[in-house]
Amino acid sequence: VIGKGRNVGGLVGWNAGSITNSYAEGNVHGEDICVGGLVGRSFRNGEITNSYAKGNVDGNNYSGGLVGYNFGLVINSYAEGNVDGAADVGGLVGWNREGSITNSYAEGDVEGNVHVGGLAGRNEGAIANSYSVGGVIGNTWVGGFTGYNSDSGTIAYCYYNKETSG
């Protein structure tokens, strides 16, 4: 999938509904914001359950292996592809903005400039029972699990692989 505008996803560009037992396996390239292996932007009331993405993601800001920009729910889902972007770049979700991620994981390598993390580049929501194992490369606010966790973000019962993340 190649998109020149916003909200580019391997399965759906903009999600405000329910995605269940679904997947995308191709590479995704977006030149603007909100680029994801499965969904570009998952908005309020958007739910992604038991789903995955396996392709590589190449975007600008808010780029994620599964979802670029998450304002909804991600449950029992994963991403395996590598992710490359500029800001808010994560192996599963680029920017988790007031969204919820539970029982999910990311395996791909992640590279970006600022807010770069193995699972989420930036977290302002809730993440629980999740993990990441990919390598992480960035310049500012870089973490094996999350690059930036705001004062409104919560992370519980999560882990990353210290050896593989770098």
Side-chain angles (χ1 to χ4, degrees), residues 1-108 110 112 115-132 134 145-150 152-155 158:
V1 176
I2 298 173
K4 297 195 181 289
R6 300 174 175 203
N7 308 316
V8 179
L11 184 70
V12 176
W14 178 295
N15 177 45
S18 178
I19 297 173
T20 305
N21 301 324
S22 301
Y23 67 92
E25 292 188 342
N27 296 330
V28 179
H29 172 80
E31 295 180 10
D32 205 336
I33 63 172
C34 303
V35 181
L38 188 75
V39 175
R41 180 186 301 227
S42 190
F43 207 61
R44 294 186 195 271
N45 301 322
E47 295 184 20
I48 300 168
T49 307
N50 300 327
S51 298
Y52 66 87
K54 288 190 175 183
N56 295 326
V57 175
D58 176 28
N60 196 352
N61 297 340
Y62 322 143
S63 296
L66 188 75
V67 181
Y69 177 96
N70 182 48
F71 220 139
L73 302 175
V74 175
I75 304 165
N76 299 331
S77 297
Y78 66 92
E80 291 185 350
N82 299 326
V83 183
D84 187 23
D88 302 315
V89 184
L92 188 76
V93 173
W95 182 3
N96 187 41
R97 183 173 181 204
E98 298 179 29
S100 176
I101 300 169
T102 308
N103 300 329
S104 298
Y105 66 90
E107 291 186 343
V110 182
H115 297 163
V116 184
L119 190 93
R122 183 190 331 187
N123 181 45
E124 295 176 353
I127 305 174
N129 302 320
S130 298
Y131 69 91
S132 63
F145 188 76
T146 302
Y148 175 78
N149 187 48
S150 76
S152 62
T154 61
I155 299 172
C158 296

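The figures that follow rest on heavy atoms only: side chains count, while hydrogens, waters and symmetry mates do not. Note that this is a predicted model, so its numbers are computed, not measured.
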Under the side chain to side chain contact (heavy atoms under 4.5 Å, CB included) test, residues paired with [X] that sit two or more places apart:
X	answer
Ala126	Thr154
Asn7	Trp14, Cys34, Arg41
Asn76	Asn50, Asn103

Any side-chain heavy atom of [X] sitting closer than 4.5 Å to one from [Y]?
X	Y	result
Cys158	Leu119	no
Ser51	Leu38	yes
Val8	Val28	yes

Mind listing the closest non-hydrogen atom pair of [X] and [Y] along with its distance?
X	Y	answer
Thr146	Asn149	CG2-N, 4.2 Å
Leu66	Ala79	N-CB, 3.8 Å
Leu92	Ala106	N-CB, 3.7 Å
Ala53	Gly37	CB-C, 3.6 Å

What's the spacing between [X] [atom1] and [Y] [atom2] if we round to 0.5 Å?
X	Y	atom1	atom2	answer
Ile75	Thr49	CD1	OG1	4.5 Å
Leu73	Arg44	CG	CZ	12.0 Å
Ile101	Ile155	CD1	CD1	9.5 Å

Q. So, does Asn27 use its side chain to make a donor-acceptor pair with the main chain of Asn56 at under 3.5 Å?
A. yes

Q. Are the side chain of Ser132 and the backbone of Gly134 linked by a donor-acceptor contact shorter than 3.5 Å?
A. no

Q | Listed once per pair and sorted, the ring-ring contact (aromatic ring centres under 6.0 Å, His included) pairs that draw on residues 19-41, sequence neighbours left out | A | Tyr23-Tyr52

Q: Please report the C-alpha distance between Ser42 and Val74 in whole Å, then the side-chain angles of each, then the deciding distance to 0.1 Å, and finally whether the side chain to side chain contact (heavy atoms under 4.5 Å, CB included) criterion is met.
A: CA-CA 9 Å; Ser42 190; Val74 175; over 6 Å; no

Q: Please collect all salt bridge (charged side-chain N to carboxylate O under 4.0 Å, His left out) contacts where either partner lies in residues 6-23, sequence neighbours excluded, each pair once.
A: Arg6-Asp32

Q.
Quick test of your reading: applying side chain to side chain donor-acceptor pair (under 3.5 Å), list the pairs with at least one residue in residues 78-99, sequence neighbours left out, ordered by first then second residue.
A. Tyr69-Arg97, Asn70-Asn96, Asp88-His115, Asp88-Arg122, Trp95-Glu124, Asn96-Asn123

